[in-house]
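Structure first, commentary second.
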Number of protein chains: 2
Amino acid sequence: MITPHIPGFTGYPLDRVDPLRTDAAALSSLAADPKARVLRLPDLHPEVDDAGALVWDALGEAHLDQPLILLGLADGVGHFALLAPTKAGAPLYRAPRLMTLLASLSTEQAALYGTARALIDWHGRHGFCGRCGAETQVIRGGWGRHCCGCTLDHFPRVDPVVIMLAEHGGRVLLGRQATWPVGRYSALAGFLEPGESVEEAVARELYEEAGVRACAVRYVTSQPWPFPAQLMLACVAEVESDTLTLSPAEIEDAFWASRDEVRAALAGAEDARFGAPPLYAVAFTLLKHWAEG
Amino acid sequence: MITPHIPGFTGYPLDRVDPLRTDAAALSSLAADPKARVLRLPDLHPEVDDAGALVWDALGEAHLDQPLILLGLADGVGHFALLAPTKAGAPLYRAPRLMTLLASLSTEQAALYGTARALIDWHGRHGFCGRCGAETQVIRGGWGRHCCGCTLDHFPRVDPVVIMLAEHGGRVLLGRQATWPVGRYSALAGFLEPGESVEEAVARELYEEAGVRACAVRYVTSQPWPFPAQLMLACVAEVESDTLTLSPAEIEDAFWASRDEVRAALAGAEDARFGAPPLYAVAFTLLKHWAEG
């Protein structure tokens, strides 16, 4: 069983070697090493072997003329992702097959996949400079883009998202969106805006979505979420009242769950009141933390 | 005295009214209200009155044909910022006059200024679509841009940054960059990357910059930092050893400070071993938290 307190997509197993990213000679040498590996990512999906590990290919000379992302080193060997052009249209962030594959990966293997995918996705959305409109080109071993017009450097974007359990009278608030699998409920969540602290964003989202006022917010844990590149900041917020005013645009239904109800759902009990979020979602970690606390 | 446990730039005093941002009729009505206000921002600097409050002007008809950012409502009255084109070149994020003005603002007034500034700055860097290079136009009352080419919507960027005190044997690690005011030392910090949790980014940065290995990371607090739009995530990290290997590219000098030394610096004592970060920086809050804990 996956240890539930370790959030999914954490435990990146490579050394990120930031200083090497700007060292052209070192990058060339790593890519030319016959041991160099490139992550197999058909249609941006992971390919998983029988042992639950991601599949790598030899980098080989065929790829040396294509832009590469240096994911990092393992035992001194460069591990790369190919910056292949992605298909037109939005990537399928929540394809059922992808979710099944993710459930078969350890957190460390998911961290590798997630990082590669987040970076490839970012490159696909930053081929032009937002400031001047000119084309950009890959720099820093795949960890940036340089504008050929105004010379501005661009760095991979990470969007902070707050995800939180409102708590009142020994119960926590769970909600669901209309697009989710039948019966699934989870913590509420939303993007943090410019000018907000984590604690302020938690309070605003709870009020906007459920009409409850937070009086104390405590941080629990965090997780990178690669669809496309969020930083999930998981919190518990004590609220003043359990009277709900739901925002129908965001929440289809919500209810207050007891510790026993949460424990039953996390254990996958047949008679559980709701379906829990998947193990690899930080909402699972957050619920587990609360249910045990 | 400003309460040191409230991080600077927090306590935004307006209602952000997210649902109104997509309501064109409501936005027009708010802007046409004779009570509507627009923040005075000469050269992106705040203008501060004798009571330490930001100065607002009547919005007036003169501005109705210019793009506006709806900062929010106070008593039902719309408060706006003008999306005026900024001067060419990088804004002066750390101009001495700006730092002096910031020190004179309450956290709530600084939160208002910071939010307006972060948004204006973001618009200036996103006039073109990163995906297709076409021009973008303002949407959502200033809280987004829409691509006129590929129709992608863009939302204001917030970059998560970890800032942390390494702790060992009852002392914490403080460092300085060569560009800082003489004698100033503070917590180490760095941008979080795709594929990292907060805790992983803290551990990576401490190892990269100072050669120390984190064995436990605890979150303390957070702060929006508007130069241009960071989310500062402040932590304390227990580390395995106090032996330092500094990265000369990032850290000019570093030392381990005792609680008494930190207290003296925060109090501004003449014989303090180092100069503390300013009150409005979350590093001040973090140091105060540690010194009192």
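Here is how names work: the chains are called A, B, and so on, in the same order as the sequence lines, proteins then strands, and each is numbered from 1.
E200(A) touches chain B through its side chain: at least one heavy atom from C-beta onward sits under 4.5 Å away, while N, CA, C and O do not. Contacts of A229(A) with chain B are absent, with no heavy-atom separation under 4.5 Å from either backbone or side chain. Neither the backbone nor the side chain of R218(B) comes within contact range of chain A, judged by heavy atoms closer than 4.5 Å. For L119(A), the part sitting under 4.5 Å from any heavy atom of chain B is the side chain, from C-beta outward, and nothing else. Both the backbone and the side chain of E193(A) come within less than 4.5 Å of a heavy atom of chain B. Only the side chain of L233(A) comes within less than 4.5 Å of a heavy atom of chain B; its backbone N, CA, C and O stay farther away.
Of the listed residues (G11(A), A110(A), S247(A)), the one with the most heavy-atom contacts under 4.5 Å to chain B is G11(A). For the set C132(A), C129(A), A111(A), the count of heavy-atom pairs under 4.5 angstrom toward chain B peaks at C132(A). In terms of heavy-atom pairs under 4.5 Å with chain B, the best-connected choice from R204(A), R157(A), H154(A) is R157(A). Contact tally against chain B (heavy-atom pairs below 4.5 Å) for A249(A), P19(A), G127(A), P160(A): the top residue is P160(A). Of the listed residues (P156(A), A118(A), C150(A)), the greatest number of heavy-atom pairs within a distance under 4.5 Å of chain B belongs to P156(A).
Side-chain contact between S222(B) and E199(A) is present, with heavy atoms from C-beta onward closer than 4.5 Å. Between L231(A) and L231(B), every side-chain heavy-atom pair lies at or beyond the 4.5 Å cut-off.
Residues passing the side chain to side chain contact (heavy atoms under 4.5 Å, CB included) test with A116(A) are L39(A), L41(A), L71(A), A81(A), sequence neighbours excluded. By the side chain to side chain contact (heavy atoms under 4.5 Å, CB included) test, Q177(A) pairs with T179(A), W180(A), sequence neighbours left out. Applying the ring-ring contact (aromatic ring centres under 6.0 Å, His included) rule to H123(B) yields no partners; only residues at least two apart in sequence or on another chain are considered.
Within the 3.5 Å criterion, the main-chain N or O of P224(A) finds no donor-acceptor partner in the side chain of E196(B).
Of residues 141-148 of chain B, those residues lying under 4.5 Å from chain A by any heavy-atom pair are W143(B).
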| request: Go through F155(A) and D159(B) one step at a time and tell me if the side-chain contact (heavy atoms from CB on, under 4.5 Å) criterion holds. | output: CA-CA 10 Å; F155(A) 298 99; D159(B) 296 308; over 6 Å; no
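Atom OG of residue S197(B) and atom CE of residue M232(A) lie 13.0 Å apart, to the nearest 0.5 angstrom.
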